[in-house]
Amino acid sequence: MSKRRFSLSEKQLGYAMVAPSLILIAVIVLWPIMLSFWNSLFDYRLNDPSLSQRTLGSEINMERYADNYDFVNKTIEEILAESSAEEVTNEVETIQQGINERHNTFLSEGDHEEKFNEVLETVRSHYAVKDQSLKYVSIDESFKKDYSTYLTEQSESLASLSSEQEGAMATRLSDLSGQIKLMDSSFMKENFVGFGNYAQYLQESRLWQSIGVTTLFTVVSVFFELVLGLAIALLINRAFFGRGAVRASVLVPWAIPTAVSAMIWKFLYDGQSGVVAHYFEQLGIIQDAGQLLTTSAGAIFSIIFTDVWKTTPYMALLLLAGLQTIPHQLYESAQVDGANAWNRFYKITLPMLRSTILVALLFRTLDAFRVFDLIYVLTGGGPANATEAVSVYAYKVLFAQQNFGAGSALSVIVFICVAIISTLFIRFIGSDLMAGKQKG
């Protein structure tokens, strides 16, 4: 009897064919989202040495500690060799003894001495410590507090003593005070806060203001882009002389990079030399040419106007593709039956174009809600955060303030908002379209 050949069912074959795409999506999309969510559970700040690593317990940055411990001992030896004042000598010797006692206690735990010596050799060779198991070492919480408190007290004591000295010795003592303070920053704080970052920002008015600005920008800009885009699509879908050139020219604003177009419009809106600002003032749209970028209402109008100018061609392109799928015979039959232009548009064009409009609205709504470069270049979120979209706010916290924990929380909030928008589109609009196709 011949062996039965291995074969996949139709369902299994389908899963096998989409598996590479699912894996790619997981790596490119899901992994960064999961990493952002994990970062958001920590008070993780690169501008604070004690919080520059995600820690679930007490840890020490061995690289920083070894480097500063080495410097502290060298500076102490130099001070003891140069000092002739008994007060200074006694104070520095006492500090050296206290640090060495605690240092030896730290090295006596586990394999800390072996790791310290390896890190110290690496630091003295002017190389960075790349092994994370060497760079970050667990430390007893009570011992860490005692060591850290001692270093803080001695740093303050040396700063006070430095103010009583003169010349080179005052500088030496001040340097030692700073080095001991840096040594204290080697101790990492346990910075797991759970959902604390979310609780903090959800109670903050600035976040809700930025979400409101983003929502206003999205609704108004997408509405005008849809209306104008549909009008342009209907126009360039008709046969007339030079249609190809008109289609190409319509797409020019969309082809310009957003950052470049934002910079161009920033000059056009300028109250001193901006052409657009000048003519808006002449037409009575604004009272003063400087209002476009210096007032809340003017700045919001400016970013919406710029976005509509740039992205309407994209909407028109999507709708034009949908219009070209509508059979021309439908219009001819309706015209024979006596339907006027409005009836043909309302009874044929809109129903046949409904799925295309949904896709265009979904793409543009998600894109508009995630707006960043346009606002960042054009207004920077000003004036007084009046145009600060939630993505711009997240960028400022994440990169300008280097607060990775809070910035990641804001990024996750943006993702949740986008997911809600997608769900609403699919639930309240997409389901009707799918039901209509199934019935047919």
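As the structure is a computational prediction, the values presented were derived from the model and not from experiment.
Formation of a donor-acceptor pair under 3.5 Å by the Ser185 side chain with backbone atoms of Leu182 is found in this model. Arg102 places a side-chain N or O within donor-acceptor distance of the main-chain N or O of Gly98, the cut-off being under 3.5 Å. Between the Lys310 side chain and the Trp254 main chain, a donor and an acceptor come within less than 3.5 Å of each other. Listed for the Asn39 side chain is no donor-acceptor partner under 3.5 Å among the backbone atoms of Gly405. Side-chain atoms of Ser261 come within 3.5 Å of backbone N or O of Thr258 as a donor-acceptor pair. Side-chain N or O atoms of Ser160 include none that pairs as donor or acceptor with a backbone N or O of Ser157 at under 3.5 Å. Looking at Asp67, its side chain never comes within 3.5 Å of a backbone N or O of Glu63 through a donor-acceptor pair. In terms of modelled atom types and a separation under 3.5 Å, the side chain of Asn385 and the main chain of Glu388 share no donor-acceptor contact. Formation of a donor-acceptor pair under 3.5 Å by the Asn104 side chain with backbone atoms of Asn100 is found in this model. Checking side-chain atoms of Thr379 against main-chain N and O of Gly381 turns up a donor-acceptor pair under 3.5 Å.
Within a 6.0 Å radius of CZ in Phe71, no more than 12 heavy atoms belonging to other residues, nucleotides or ligands are found. More than 12 heavy atoms of other residues, nucleotides or ligands lie within 6.0 Å of OH in Tyr331, so this atom counts as buried by the packing criterion. Few gaps surround CZ on Phe301; more than 12 heavy atoms of other groups in view lie less than 6.0 Å from it. The local environment of CZ in Phe224 is sparse, with at most 12 non-hydrogen atoms from other residues, nucleotides or ligands closer than 6.0 Å. Applying the 6.0 Å contact sphere to CD of Gln272 captures no more than 12 heavy atoms from other residues, nucleotides or ligands. Atom CD of Gln287 is surrounded by 12 or fewer heavy atoms from other residues, nucleotides or ligands within 6.0 Å. For Glu109, the CD atom sits in a packed shell: over 12 heavy atoms of surrounding residues, nucleotides or ligands are nearer than 6.0 Å. Open room surrounds NZ on Lys189; 12 or fewer heavy atoms of other groups in view lie less than 6.0 Å from it.
Using a 4.5 Å heavy-atom threshold, the side chains of Asn61 and Gln53 count as separate. Put simply, the side chain of Ser422 reaches to within 4.5 Å of the side chain of Leu366, judged on heavy atoms. Contact annotation: the side chain of His278 never approaches that of Ser273 to less than 4.5 Å [non-hydrogen atoms, C-beta and beyond]. Side-chain contact check for Ile416 versus Ile420: some heavy-atom pair is nearer than 4.5 Å. Considering only heavy atoms from C-beta on, Ser186 comes within 4.5 Å of Asn68 through its side chain. Side-chain contact between Ile180 and Asp184 is absent, with no heavy-atom pair separated by less than 4.5 Å. Contact check for Val137 versus Val119: no side-chain heavy atoms found under the 4.5 Å cut-off. In this structure, the side chains of Leu323 and Ile326 come closer than 4.5 Å at one or more pairs of heavy atoms.
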Would you please test Lys135 and Asp131 for salt bridge (charged side-chain N to carboxylate O under 4.0 Å, His left out) and show each step? CA-CA 6 Å; Lys135 187 172 183 178; Asp131 188 345; over 6 Å; no
From CA spacing to verdict: side-chain hydrogen bond (donor to acceptor under 3.5 Å, both in side chains), Thr306, Tyr269: CA-CA 10 Å; Thr306 304; Tyr269 289 143; 3.0 Å; yes
Run the side-chain contact (heavy atoms from CB on, under 4.5 Å) test on Asn117 and Glu121 for me, step by step, so that the C-alpha distance in whole Å, both residues' side-chain angles and the decisive distance to 0.1 Å come before the verdict. CA-CA 6 Å; Asn117 291 332; Glu121 183 180 353; over 6 Å; no
Pair Val193, Phe195 - check side-chain contact (heavy atoms from CB on, under 4.5 Å), show working. CA-CA 6 Å; Val193 295; Phe195 292 97; over 6 Å; no
Pair Ser52, Met188 - check side-chain contact (heavy atoms from CB on, under 4.5 Å), show working. CA-CA 8 Å; Ser52 60; Met188 313 289 293; 3.8 Å; yes
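Between Phe106 and Tyr147, the ring center distance fails the sub-6.0 Å criterion. Within the 6.0 Å centre-distance limit, the rings of Phe116 and His103 are counted as a close aromatic pair. Checked against the 6.0 Å centroid criterion, the rings of Phe280 and Phe305 qualify as a close aromatic pair.
In this structure, Tyr393 and Tyr201 have perpendicular ring planes: the angle between them is above 60°, well past the 30° mark. In this structure, Phe42 and Trp38 have perpendicular ring planes: the angle between them is above 60°, well past the 30° mark. Relative orientation of the Tyr65 and Tyr69 rings is parallel, given thresholds of 30° and 60° on the angle between their planes.
A donor-acceptor pair shorter than 3.5 Å cannot be found between the side chains of Ser411 and Ser36. For the residue pair Thr55 / Glu190, no side-chain donor-acceptor distance below 3.5 Å is found, with atom types taken as modelled.
Put simply, CD on Gln401 and CG on Asn47 are 8.0 Å apart, with the number rounded to the nearest 0.5 Å. To the nearest 0.5 Å, the span separating CH2 on Trp342 from OG1 on Thr349 amounts to 10.0 Å. Rounded to the nearest 0.5 angstrom, Leu374 CG and Thr387 OG1 are separated by 9.5 Å. Distance CG/Leu228 to OG1/Thr311: 11.5 Å, rounded to 0.5 Å. Residue Leu30 holds its CG atom at 12.5 Å from CG of Leu35, rounded to the nearest 0.5 Å. In this structure, Leu51 CG and Asp43 CG are separated by 5.0 Å, a value rounded to the nearest 0.5 Å.
In this structure, Arg45 forms no cation-pi arrangement with Phe404, as its terminal cationic atom is not both closer than 6.0 Å to the ring centre and no more than 45° off the ring axis.
Considering every non-hydrogen atom in both Ile139 and Ile60, the closest pair reads CG2-N, 4.3 Å.
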